[in-house]
Amino acid sequence: MNNYDPAKNEAKWRKIWQETDINKTHEEPKNKLYNLVMFAYPSGNLHIGHWYNFAPADTLARYSRMHGQDVLEPFGFDSFGLPAENAAIQRGLMADEWTNQNISDMTAQINKIGAMYDWSKTFQTSDPSYYKWTQWMFLKMFHEGKAYQKEALVNWDPVDKTVLANEQVVNGFADRSGAKVERKLLKQWFLKITDYADALIDDLDKIDWPERIKDMQRNWIGRSVGAHIEFPIDNSTQKLDVYTTRADTIFGVTFMVVAPEHPLIETITTNSQSDAVKKYISDVGAKTNIDRMETKEKTGVFTGAFAVNPATNQNIPIWISEYVLMDYGTGAIMAVPAHDERDFEFASKFGLEITQVLSDESSEGSNQSADAKLINSGEFSGLDSASAKAKIVEWLETTEIGKSQTQFRLRDWLISRQRYWGTPIPIIHCEKCGVVAVPEADLPVVLPLNQKFGEDGRSPLLDNKDFLDVKCPQCSGEAKRETDTMDTFVDSSWYFLRYPNPNYQAGPFDPVAVKQWLPVDNYIGGAEHAVLHLMYARFVTKFLHSQGYIDFDEPFMKLINQGMINGPDGKKMSKSKNNVINPDDYVDKYGADSVRMYLMFMGPYEDGGPWDPKRFEGTYRFINKIWELITTEYTEIQLDSIVEAELVSKLHRLIKKVTEDVQKIRFNTAIAAMMEFVNFAGTLKHKGQISKEQWNVITSTFTKLLAPFAPYLSEELWELLNNEQSVHLQAWPKYDPNLCKDDVLTIVIQINGKLRDQFIVNIENAHSPVELERMAREKLGSRMDNLEVVKTIAVPGKLVNFVVL
RNA sequence: GCCAGAGUGGUGGAAUUGGUAGACACGCACGACUCAAAAUCGUGUGCUCGAAAGGGCAUGUGGGUUCGAUUCCCACCUCUGGCACCA
C-alpha cells in the first residue's frame with residue numbers, strides 16, 4: 001500500500017494554489033456569497049479555537065463555490081489593542097513590531113488550514129490607510145451629534161489603567177485584565193448607540209441569527225414600556241421625576257427613593273439630616289461595583305424632605321439608597337412596598353408605611369398575577385392591573401402629571417481609552433473654540449510610532465509634543481490634540497465593509513463593491529461577542545444607512561456560532577491547567593485535512609467539546625481509508641448488476657445527505673454518512689462486483705463530495721483520477737431522486753406497540769394497509785393463534801401493530 | 001431571582017410532521033498477521049435473566065395523552081451559557 005503523506009501533499013497543493021491564484025475572488029459577482037469569519041486579533045499564534053472557527057467556515061465557502069456561487073472569503077487582522085501594548089511595555093518592544101511579527105507568523109499558520117482566502121483582500125486596522133477611515137466614521141458621527149463627550153461615572157480598570165465600556169465589564173470585573181472595576185467620574189467620549197435602541201431590537205426579527213444571541217441582545221438593550229411621573233416636592237417648586245412600569249400601583253406609593261448621586265439631594269436635604277446624608281453618600285461612594293453588588297441588606301438614609309403622592313395627596317418621605325441606580329431611568333423611584341420585593345425590604349427595615357393596592361385573593365400562592373384587582377385606589381378600584389395601567393397613565397397625561405414612556409437599559413457606548421495603541425480620536429481641544437473636529441482633509445491623525453512608554457505604562461501620547469501641540473483648525477491659535485484613543489471595537493465595527501475593495505482611497509469603502517457583496521451572508525464566529533462586536537457593528541451599519549451611505553441596515557444576514565473546544569480534560573484550555581492543544585503538532589504530523597475533519601466530525605458545530613486525541617486518531621484513519629480505497633487498483637472479479645445498482649443508489653443518497661447536511665450546518669452527520677459509504681464501498685471493492693467504469697464514476701463523485709471538507713486530499717485524489725482542472729472548481733454533484741428511493745421496505749410488526757418481528761416488502765405493496773396486515777399475520781403464523789386482537793393499526797410503509805388483550 | 005439552551009450506552013454523539021432507540025466514531029474484548037510490539041484487518045459490544053430459543057428493563061425524575069412517546073402536554077430535578085437591586 002502506498003501510504004498517504006499529508007505533509008508533502010499539502011505543501012505541494014499550497015504552492016500550486018498560490019501559483020495558479022485559484023482563490024482569486026470574481027469581481028462583478030452574479031450569484032454572490034459573502035462568507036466571513038470574525039475578525040482575528042494577532043495574539044501571536046493560531047490556537048485550536050481559531051481552527052474550529054475558520055476550517056468549518058471554509059467548508060461552507062468551498063461548498064458554495066462548487067454550487068456555482070461567486071464567493072468572497074477574506075481574512076484580515078484587528079491589530080490595535082491592549083495585548084500588543086502590554087507586550088511592548090513588558091518586553092521593551094514596539095507595539096507595531098510585535099503586532100506585525102505576529103501577523104506574519106499567524107499568516108503562515110493560517111495558510112496551512114487550506115482555506116480559500118483571497119489574500120489580495122487583506123488589511124489590518126492599525127494601518128493608517130485603514131484607521132484614517134475609522135476616524136472618518138467618528139467625525140461623521142460627531143457632526144451628527146452621535147459622538148459626544150460627557151462627564152460620567154464610568155468603569156475604571158486599575159490594572160490596564162483605562163476606562164471600559166459597560167459591555168466589557170463582566171460581573172464587576174474587567175473582561176480582559178480581570179481587575180475589580182472601580183467607578184470614577186471622568187470626562188469621556190461616547191457614541192450614541194441608544195438612538196438606535198428601538199431599531200436594534202425590532203430588526204432582530206429580520207435576521208437569521210441563533211435565537212439565544214438575539215435574546216441576549218434584547219435583554220441587554222432592555223426595552224420596557226412604562227410611565228414617567230412627576231411628584232411635587234412639599235414646600236418646594238421642584239419636582240421629583242420617576243420612571244415606573246407599574247403606574248397601576250400609584251395609590252400604594254408610600255415613599256420615594258433616590259440614588260446617592262441624585263442631583264436633587266443637595267437642595268432638598270434638611271439641615272437636621274445633612275450630616276447623616278453626607279456620611280451615607282461618602283460611604284457608598286467609596287465602594288466598588290463589586291462591593292455594591294455584594295451588599296445584600298438594604299441600606300439608606302432619610303433626606304428629611306417629603307414629596308406629595310399625586311394620587312392620594314399624602315406627604316411621603318424621600319429617602320436615599322444605593323439600590324436605586326443613577327444611570328437607569330431618572331435615578332429615582334416611587335416605592336410601592338406592598339407590591340415590590342425590594343421596596344418591601346426597605347420599608348420593613350426602616351419602618352415605613354405599607355399600603356396594599358392590589359387584591360391578592362386572585363393570586364393565591366403565586367406571584368402577583370395579571371388578574372389581580374385594584375383596591376384602595378379611589379375611582380380605579382376594581383379594575384384589573386392591565387387596564388388600570390392604561391387608565392391611570394391616561395389620567396396622568398390629562399392632568400399633566402406624567403406621560404407614557406419607553407425606557408432602555410442600554411447605555412451609550414463609551415469608546416475612549418487612555419491608552420496608546422489604538423486609533424487616535426480626531427479631535428482638537430482649543431482654549432478659545434473648545435472641542436474642535438479635525439477637518440476631514442487632515443485625516444489621518446497619525447499615531448506616532450517608535451514611542452517610549454512613561455512610568456507605569458503611561459501613554460506616550462501624553463508626553464509627545466509633536467503629536468500634542470497643534471494649531472486650532474478654527475482660530476489657528478495654540479491647541480492640544482485629544483490623547484485618548486478609540487477602543488478596538490470601533491475599528492472592528494465596520495471592517496466588513498472594506499473587504500470587497502480594501503485598497504479604495506476615496507472613502508472608507510467602495511460603494512460599488514459594497515453594493516455587489518454586502519450584506520455578509522454567513523458570519524461565523526464565537527458567541528462571546530453577543531452584546532459587544534455584534535451589537536456595535538449593527539449600530540454602525542444603521543448609522544451609515546441612516547446617513548445614506550449604504551442601502552442595507554443589517555450587516556450580517558446569517559450568524560453561525562461555533563462552540564468552544566476544551567482541553568482533553570473537558571475544561572477550558574489554559575496554560576495554567578496544562579491542557580492546551582497546539583494545532584500545529586497535529587497539522588504537521590497528520591495534516592490539516594485530518595484536523596479539519598476531526599473538528600467537524602466531533603459533534604454539532606454549535607456545541608464544541610473537548611479535544612480528544614484518541615478520537616482524532618479515528619478521523620485520521622478515515623483519511624487513510626479513503627486514500628486506500630481510491631488509489632489502489634480496482635479489479636473486476638465477478639460483476640453483479642444488483643450489487644452495482646445498490647452502490648449507485650447509496651452514492652446518490654450520500655450526495656443528498658451531504659448536500660442537505662452542509663446547508664443545515666451539520667458537518668458531523670455529513671461526515672458520518674461519508675464514513676458509512678466508504679465502509680460499504682470498501683467491502684464491495686474486494687469482491688470486484690462493480691464494473692470498472694461505474695467504479696470510476698463513484699470514486700470521482702465521492703472525491704467531489706469530500707473536497708470542501710478535505711481540500712488537500714481531495715485535490716490529490718482528483719489529480720490521480722486523471723483530471724486536469726482543480727476539484728475545487730468542479731460543479732457539486734447532483735443526485736437523482738429516483739435513485740434515492742428504496743425498492744423494498746422493512747415493515748415492523750408490533751404487538752401492543754412492542755417490536756415483535758419484521759418483514760421485507762416490495763415498495764409497490766407497502767402502502768396497502770390491508771395487504772400489510774395480511775402479510776404480518778402470515779409472518780407471525782401460529783403465533784397469532786393465542787392472541788385476541790382487538791384492533792390493528794397498519795401504517796403504510798412503516799409498521800403493523802396488533803392491539804391485543 | 002430572571003432569560004435562553006441542554007439532560008440518550010463506558011465515551012463523543014445519531015434518530016423527533018409520534019412509528020425498529022443507540023447510525024457513525026472512540027474505547028474495550030476476542031481473533032488474524034508478527035519472534036514480539038505498533039500499525040492494519042476481522043468479529044463482538046446498552047443493561048439484565050437465560051445454555052439457547054426467547055423474555056424483561058432502558059433516552060434526568062414523576063405524571064398525562066396515544067395502539068405506540070427520546071419526540072407532544074403538565075409538574076419537578078440537574079447542568080451549561082447569559083443577565084442580575086433595571087423600578
Side-chain angles (χ1 to χ4, degrees), chain A residues 1 3 170-172 210-220 222-224 226-227 242-247 249 253 257 259 292-293 295-296 298 321-325 327-336 339-343 345-346 367 407-411 527-528 530-531 561 563-564 570 598 601-604 606-607 609-619 621-622 624-625 628 666 668-679 682-683 686 746-758 789-804:
Chain A
M1 182 182 137
N3 283 319
V170 180
N171 292 327
E211 215 37 57
R212 157 180 68 104
I213 301 289
K214 290 189 187 181
D215 273 328
M216 275 195 234
Q217 292 210 352
R218 285 189 195 105
N219 293 340
W220 189 262
R223 178 162 63 188
S224 71
V242 301
Y243 169 75
T244 181
T245 53
R246 297 300 307 273
T249 60
V253 177
V257 188
R292 267 202 181 195
M293 274 183 225
T295 310
K296 292 208 179 83
K298 294 277 177 286
S321 175
E322 61 184 329
Y323 85 87
V324 175
L325 310 174
D327 48 8
Y328 181 75
T330 61
I333 62 158
M334 55 177 233
V336 187
H339 306 290
D340 181 282
E341 214 177 310
R342 296 151 303 178
D343 298 344
E345 261 180 66
F346 194 83
N367 297 339
Q407 188 68 43
F408 298 92
R409 296 171 68 164
L410 181 70
R411 324 276 159 79
E528 68 273 15
V531 292
N561 278 135
M564 196 157 54
Y598 171 66
F601 179 61
M602 61 185 281
E606 319 79 58
D607 289 0
W611 176 275
D612 184 336
K614 285 286 189 188
R615 279 184 231 283
F616 175 84
E617 291 274 351
T619 319
R621 274 201 280 269
F622 178 52
N624 285 306
K625 229 178 201 176
E628 204 207 333
R666 289 160 72 169
N668 54 332
T669 49
I671 292 173
M674 287 195 267
M675 287 175 168
E676 223 168 323
F677 182 81
V678 167
N679 289 341
T683 60
H686 293 303
T746 302
I747 302 297
V748 166
I749 304 175
Q750 293 181 336
I751 293 173
N752 285 342
K754 286 192 178 170
L755 175 68
R756 280 295 176 271
D757 208 338
Q758 55 190 39
V789 177
V790 290
K791 194 177 175 185
T792 307
I793 288 125
V795 181
K798 297 267 188 199
L799 57 80
V800 178
N801 185 18
F802 294 108
V803 184
V804 302

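Letters go in sequence order (proteins before strands), and every chain restarts at 1.
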Asks: Send over the distance from A/L799 CG to B/rG18 C1', rounded to a whole Å.
Replies: 11 Å
Asks: Across all strands shown, which nucleotide pairs with B/rG1 by Watson-Crick or G-U wobble geometry, both distances under 3.5 Å?
Replies: B/rC83
Asks: If we call it a pair only when both distances are under 3.5 Å in a Watson-Crick or G-U wobble match, what pairs with B/rC35?
Replies: none
Asks: Among B/rU20, B/rA23, B/rC67, find the nucleotide with the atom closest to the side chain of A/A672.
Replies: B/rA23
Asks: In sequence, state the C-alpha distance, the side-chain angles, and the governing distance for A/N801 and A/T792, and then conclude on side-chain contact (heavy atoms from CB on, under 4.5 Å).
Replies: CA-CA 6 Å; A/N801 185 18; A/T792 307; over 6 Å; no
Asks: Closest approach to the side chain of A/K754, judged atom by atom: which nucleotide of B/rA4, B/rC57, B/rC85 is it?
Replies: B/rC57
Asks: So what's B/rA58 paired with, Watson-Crick or G-U wobble, going by both distances under 3.5 Å?
Replies: none
Asks: For the side chain of A/D215, starting at C-beta, report the closest nucleotide among B/rC67, B/rA4, B/rG27.
Replies: B/rA4
Asks: Which nucleotide, in any strand shown, forms a Watson-Crick or G-U wobble pair with B/rG7, with both distances under 3.5 Å?
Replies: B/rC77
Asks: Report the base-pairing partner of B/rU65 (Watson-Crick or G-U wobble, both distances below 3.5 angstrom), or none.
Replies: none
Asks: Indicate, with a heavy-atom threshold strictly under 4.0 Å, whether A/F601 touches base, sugar-phosphate, or nothing.
Replies: base
Asks: Starting at atom CD1 of A/I749, determine the distance to atom C1' of B/rG68, rounded to an integer number of angstrom.
Replies: 16 Å
Asks: NA contact type, A/R223, heavy-atom cut-off 4.0 Å: base, sugar-phosphate, or nothing?
Replies: nothing
Asks: Taking donor-acceptor contacts at under 3.5 Å, does the side chain of A/E341 reach the base of B/rG1?
Replies: no
Asks: Would you mind telling me which of B/rA87, B/rG13, B/rC83 lies closest to the side-chain atoms of A/R409?
Replies: B/rC83
Asks: I'd like the C1' distance from B/rU71 over to B/rA15, given in whole Å.
Replies: 10 Å
Asks: Round to a whole Å and report the spacing from CZ of A/F346 to P of B/rC85.
Replies: 16 Å
Asks: Identify, between A/N801 and A/A332, the residue whose nearest nucleotide on RNA chain B lies closer to the 5' end.
Replies: A/N801
Asks: Using atom CG of A/N752 as one end and atom C1' of B/rU66 as the other, report the distance to the nearest whole Å.
Replies: 13 Å
Asks: Under a 3.5 Å cut-off for both distances, is B/rA29 Watson-Crick or wobble paired, and to whom?
Replies: B/rU43
Asks: Take atom CG of A/D607 and atom P of B/rA25, then tell me their distance rounded to the nearest Å.
Replies: 21 Å
Asks: In whole angstroms, how far is the C1' atom of B/rC26 from the CD1 atom of A/I671?
Replies: 15 Å
Asks: Counting any heavy atom closer than 4.0 Å, what does A/G329 reach on the DNA or RNA strands: base, sugar-phosphate only, or nothing?
Replies: nothing
Asks: Quick one: are A/T249 and A/M334 in side-chain contact, heavy atoms under 4.5 Å?
Replies: yes
Asks: To the side chain of A/M675, which of B/rG27, B/rC24, B/rA87 is closest?
Replies: B/rC24
Asks: Should A/R246 and A/V336 count as side-chain neighbours, where that means a heavy-atom distance under 4.5 Å?
Replies: no
Asks: Taking the minimum atom-to-atom distance to the side chain of A/L755, which one of B/rA21, B/rA25, B/rC67 wins?
Replies: B/rA21
Asks: Quick check on B/rG46: syn or anti? Syn means the glycosidic torsion is within 90 degrees of zero.
Replies: anti
Asks: With sugar-phosphate meaning primed atoms plus P, OP1 and OP2, does A/Q750 contact a base, only sugar-phosphate, or nothing at under 4.0 Å between heavy atoms?
Replies: base
Asks: Among B/rA15, B/rG27, B/rG13, which is the nearest nucleotide to the side chain of A/T669?
Replies: B/rA15
Asks: Nearest whole angstrom, please: distance from the P of B/rG68 to the CD of A/Q758.
Replies: 21 Å
Asks: Whole angstrom is fine here: how far is it from CE in A/M602 over to P in B/rC26?
Replies: 15 Å
Asks: Using heavy atoms to find the nearest nucleotide of RNA chain B for A/N679 and A/D327 separately, return the residue whose nucleotide is more 5′.
Replies: A/N679
Asks: Side chain of A/R621 only, heavy atoms from C-beta on: which candidate in B/rU40, B/rG19, B/rC83 is closest?
Replies: B/rU40
Asks: Classify the nucleic acid contact of A/V336 as base, sugar-phosphate or nothing, counting any heavy atom under 4.0 Å across all strands shown.
Replies: nothing
Asks: Would you say A/N219's side chain and A/G222's backbone share a donor-acceptor pair under 3.5 angstrom?
Replies: no
Asks: Taking C-beta and beyond as the side chain, do A/R666 and A/N668 meet within less than 4.5 Å on heavy atoms?
Replies: yes
Asks: Select one nucleotide: of B/rG27, B/rC67, B/rA87, the one nearest the side-chain heavy atoms of A/S224.
Replies: B/rA87
Asks: Just checking, A/K791 and A/F802: is the charged tip under 6.0 Å from the six-membered ring centre and within 45° of the axis?
Replies: no
Asks: Measuring from atom CG of A/D757 to atom CD1 of A/I747, what distance do you get when rounded to the nearest 0.5 angstrom?
Replies: 12.5 Å
Asks: Kindly point out which of B/rG82, B/rG56, B/rA25 is positioned nearest to the side chain of A/R615?
Replies: B/rA25
